[in-house]
Amino acid sequence: MNWKCLCCGFPRETQPLMISASNDRDYPWKRYTLKELLHATNTFHNDKKIGEGAFGSVYWGRTSKGVGIAVKRLKAMSAKAEMEFAVEVEILGRVRHKNLLGLRGFYAGGDERLIVYDYMPNHSLITHLHGQLASDCLLDWTRRMNTAIGSAEGLANYLHHKANLHIIHRDINVEAVDIE
Ligand SMILES: Nc1ncnc2c1ncn2[C@@H]1O[C@H](COP(=O)(O)OP(=O)(O)OP(=O)(O)O)[C@@H](O)[C@H]1O
């Protein structure tokens with residue numbers, strides 16, 4: 001058996017999850033090829049860049065089947081970036097909830113680490129509260145309440161209590177909440 005084991009930073013007793021280099025049958029995510037993701041993002045063209053996080057840049061793309069995706073391209077590999085990649089793919093790839101961003105798959109090869117998510121076209125909560133869409137007042141009080149309730153359902157109800165691994169996010173903020 002050829003396992004490529006990436007430590008996810010969780011305590012040992014919650015650590016049986018590994019990214020398998022040889023057998024993807026039991027995994028809910030897809031292993032993309034580099035060619036597919038280069039094609040989807042026009043070789044990570046700057047025009048396709050939709051955001052920047054602590055660990056890398058996020059690009060909009062379209063698969064050959066016409067589905068919109070967001071591709072996070074991790075910065076130069078470091079132990080911290082490798083752990084971020086492993087946590088996202090191993091842990092988030094296994095949680096499925098209507099209020100949590102869907103992780104579609106990944107690519108890992110050489111120094112390149114790419115994570116593929118469902119594309120969320122309506123921007124993050126911070127953009128609506130304080131950013132470029134704040135003055136448009138798109139987020140009325142009903143939508144604000146629904147956003148708060150949806151976030152709580154995804155985090156507290158599902159991740160804390162119902163997911164197989166009980167997960168605490170520890171860094172929830174207005175940039176991490178996307179509007180449906
Ligand atoms: N699936 C997505 N669909 C649309 N936009 C996205 C998506 N994922 C990320 N983005 C955009 O890219 C930005 C950066 O995302 P990223 O996850 O790298 O950083 P973050 O949310 O600040 O978290 P981190 O703590 O990892 O830096 C987000 O603020 C958002 O604007």
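Read the numbers this way: they start at 1 and go in the same order the structure lists the ligands and their atoms.
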Problem set entry | K75 bridged to E84 by N-O distance under 4.0 Å | no
Across all chains, not counting sequence neighbours, the side-chain hydrogen bond (donor to acceptor under 3.5 Å, both in side chains) partners of T33 are E36
Problem - Side-chain (T63) to main-chain (V67) donor-acceptor, under 3.5 angstrom - result: yes
Discussion item. If you take the centroid of each ring, where Trp contributes its six-membered ring, are Y59 and F44 closer together than 6.0 Å?
Written reply: yes
Hits for salt bridge (charged side-chain N to carboxylate O under 4.0 Å, His left out) against E112, two or more places apart or cross-chain, chain-then-number order -> R73
Can you list every pair where an N/O of ligand 1 is under 3.5 Å from an N/O on the protein?
| from | atom 1 | to | atom 2 | distance (Å) |
| --- | --- | --- | --- | --- |
| ligand 1 | 1 (N) | D118 | O | 2.8 |
| ligand 1 | 3 (N) | M120 | N | 2.9 |
| ligand 1 | 17 (O) | K72 | NZ | 3.2 |
| ligand 1 | 27 (O) | A54 | N | 2.6 |

side-chain contact (heavy atoms from CB on, under 4.5 Å) filter on E153, not counting sequence neighbours, yields H97, K98, N99, I149
